[in-house]
Number of protein chains: 2
Amino acid sequence: MENKLPTIKEIAKRLNVSVSTVSRALSNHPSIGLRTRTRVQELAKELNYEPNTKAIFFKQQKTFIIGVILPYIKEEFFSEAISGIETAAMAHDYTILFGQSFDDTEREKKVLEAMKKQRVDGLIISLSKYTNNFDHLATLEKYDIPVVYFDRVPPFENAHKVYCNLYKGTIEMVNWLFSRGFKRIGFINGPDKLLATHERLKGYIEGITKKKLKVDMRLVEQTDLSRESTYKAMEKLLALKQPPEVIITFNDYVHLDVMQYARQHNLKINEDIFFASYANLPITSYTAFPPIASIEQYPYKQGEKAMEILIRIINDKLQHANVAGKYYHEEIDGLVMINKDFELNQDSIKN
Amino acid sequence: MENKLPTIKEIAKRLNVSVSTVSRALSNHPSIGLRTRTRVQELAKELNYEPNTKAIFFKQQKTFIIGVILPYIKEEFFSEAISGIETAAMAHDYTILFGQSFDDTEREKKVLEAMKKQRVDGLIISLSKYTNNFDHLATLEKYDIPVVYFDRVPPFENAHKVYCNLYKGTIEMVNWLFSRGFKRIGFINGPDKLLATHERLKGYIEGITKKKLKVDMRLVEQTDLSRESTYKAMEKLLALKQPPEVIITFNDYVHLDVMQYARQHNLKINEDIFFASYANLPITSYTAFPPIASIEQYPYKQGEKAMEILIRIINDKLQHANVAGKYYHEEIDGLVMINKDFELNQDSIKN
DNA sequence: TTGTAAGCGTTATCAC
DNA sequence: GTGATAACGCTTACAA
């Protein structure tokens, strides 16, 4: 049976009171008499009344919906992140409108349009890899829809951002590798377009320079993150007269590809050559040879933080707080996580 | 600058016409004169007017939002599925409201509440593993919110469902294993609560029975899908006087755990023992020893199909088509996907 | 303590 | 051809 959702009007009619009385009774307005209040609330419960939030939001010009746009939810980093976003959102009664860009700027625009149409209260975006024109994002500012970027953040300052500091993390990683006796540290970095690529490189160079050593750029290769491109980078590194003793890869997915390469070329991993990486994703723990160290980027925390900042912005806006020109830049420090098995092995060798 | 979104009213005022004229002009109503129409449309474009869908939906009692509730987006199966859902939704101008149950019935209820509050036009749900009380879902029917379940579907008939037929798939798998010379086929099945567990078992038994062989239930163990439980199942199977030559695991995640176990116990995989699985997830291709065969369950296609069915239901409802008591049950056949490397090896042995 | 009425942005139904 | 108005469900001044 089509059981139409009851409205405030319906209740009012049945009880022979006005809609405003019902409205106030339901929201426990102090001016409503106890008798009327209980009568209304009882009937409401009986009819399973639920306020039509759409009508409320429409009136309040608020949807309690946050749009989230990610490149690929398939990547564990992002599925972790959205869980943090979701949990924080739920704690503040927001719901998540979800869309993927699939690293395609056109798709990103389309999703953005859809979310604008839905009048989201705000957006959390991790940009597509190839987005280098930011006009579609500028319109958001124009219409006063707050956006918090995370992880893949835009290069300009005038934006709210949450991201992981990979510069510091990379320095730490290089330090740790030196402390473990590695001298020739190879690096398969990501594509030039990504900010993250430059951060990592800066950290790598700084880490080595700090040790009063000279940076050998032949040890640094790049991949566009495709398997083929990664294989090529590996080939080049291994073809060097003095190949690296350890290779840091751009992220855990590159690491996985590199492991495939190593297996196919019968390299003895953790004997002939060692690998370190970024991201510290759970999947790597299933593989035969996880990275000896991986920089944890805390995706869940990043997502949570982004959501919290967004809610703060929205609330500031609602209270007409004067926050023009104030941008949140939240930096989370990437932490070098060391593979336990590797650590144990090393220790037993030392003793 | 706070650039408020322009409304139809705003345009009307500026052009000294009525709102209804503007409304009609924008929707190309035939009764509007060409001059007025162009004037309106030009100003609309100039002001970047975008209809407030919230107001329209509010009036039409429609949101163009579909709620999607999944157990864990982290699982590749579900992140594939939601991509199918999203793509199909986009093609019909729907947007996705997203929530995870984290296999927790209470959380599932909460998410469901939030989506009901948002007045979604429909829902796509893959149930939490532990959901065995369906009252919270019954209220949806009562309020006439259509639901399509997929993959983890409820056990009753009166529901729209999309799922993969694992009964047939399992029979096929058993057949293929026999054809490859395997006689003792072990099975690590999932928890009893899951429908999928029973389907797989039925297929396993049928597959063996069809070969006029007797089913040896000592070869069938169960796991609650935790790593510990899977390890125990492995122990039991390997402790048998006649241990299995090949083991089918409940899904690729169980497979990954089993591989860890095998590695820790120095089993020679694809020599001493072989493994087959369900799901055919991309991650397994990164591992040293992917399953020799895995039943593809087409998560993307399942998601797409679920969305398409849901839209059909919504449209039927809108046209007041009399579809009471009619339920869609879409079955996709699981297909045995054979690992290429294994196939090549086998062939070279044969020759 | 309760009721009346305006308003949120849009569309549809009347009029003119 | 165009305009006025009601309606969608709800909140909230303002009246009573």
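Chain letters run A, B, ... following the sequence lines, proteins first, then strands; residues in each count from 1. Side-chain atoms are counted along with the backbone in the values below, which use heavy atoms only and exclude waters and symmetry mates. None of these values were measured; they are calculated from a predicted model.
- Both B/Arg24 and B/Lys59 sit near DNA chain D, but only B/Arg24 has its closest nucleotide nearer the 5' end.
- Between B/Arg119 atom CZ and D/dC8 atom P the separation is 15 Å, expressed in whole Å.
- Taking a cutoff of 4.0 Å between a charged side-chain nitrogen and a carboxylate oxygen, B/Glu50 and A/Lys116 qualify as a salt bridge.
- Contact annotation: B/Gln61 side-chain N/O to D/dG9 OP1/OP2 distance is under 4.0 Å.
- Dashed line: the shortest gap from a side-chain N or O of A/Thr7 to OP1 or OP2 of D/dC8 is not under 4.0 Å.
- Salt bridge annotation for A/Glu10-A/Arg14: present, with a cationic side-chain nitrogen under 4.0 angstrom from a carboxylate oxygen.
- A cation-pi contact, defined as under 6.0 Å to the ring centre and within 45° of the axis, links A/Lys62 to A/Phe64.
- Following rounding to the nearest Å, A/Ile8 (CD1) and D/dT11 (C1') show an atom-to-atom distance of 8 Å.
- Taking the charged nitrogens against the carboxylate oxygens, B/Lys161 and B/Asp151 have no contact shorter than 4.0 Å, which rules out a salt bridge.
- When the P atom of D/dT2 is taken as reference, atom CZ of B/Arg37 falls 9 Å away, rounded to whole Å.
- Rounded to whole angstrom, the span from the CG atom of A/Asn52 across to the P atom of D/dA7 amounts to 18 Å.
- A distance cut-off of 5.5 Å between ring centres, combined with a plane angle under 30°, leaves A/Phe58 outside any stacking arrangement with the base of D/dC10.
- On a pure distance criterion of 3.5 Å, a polar donor-acceptor pair joins the side chain of A/Ser20 and the base of C/dT4.
- Residue A/Thr21 places at least one side-chain N or O closer than 4.0 Å to OP1 or OP2 of C/dG3.
- You'll find the ring centres of A/Tyr72 and A/Phe78 outside the 6.0 Å limit.
- In this structure, B/Thr36 reaches the sugar-phosphate backbone alone: every heavy-atom distance under 4.0 Å involves primed, P, OP1 or OP2 atoms, never a base.
- One finds a side-chain N or O of B/Ser18 lying less than 4.0 angstrom from the OP1 or OP2 phosphate oxygen of D/dG3.
- Where A/Val19 and A/Leu34 each meet DNA chain C at their nearest nucleotide, the meeting point lying more 5' is that of A/Leu34.
- At whole-Å resolution of the value, NZ in A/Lys54 and C1' in D/dG9 are 13 Å apart.
- B/Ser23 comes within 4.0 angstrom of a nucleotide base, judged by non-hydrogen atoms across all strands.
- Between A/Lys62 atom NZ and D/dT11 atom C1' the separation is 16 Å, expressed in whole Å.
- Applying the 4.0 Å criterion to OP1 and OP2 of C/dT10, one finds that B/Tyr49 has a side-chain N or O inside that range.
- Rounded to an integer number of Å, the gap from A/His29 NE2 to D/dC14 P is 13 Å.
- Regarding A/Lys13, its NZ atom lies at a distance of 16 Å from the P atom of C/dG3, rounded to whole Å.
- The side chain of B/Lys9 places an N or O atom within less than 4.0 Å of a non-bridging phosphate oxygen (OP1 or OP2) of C/dC8.
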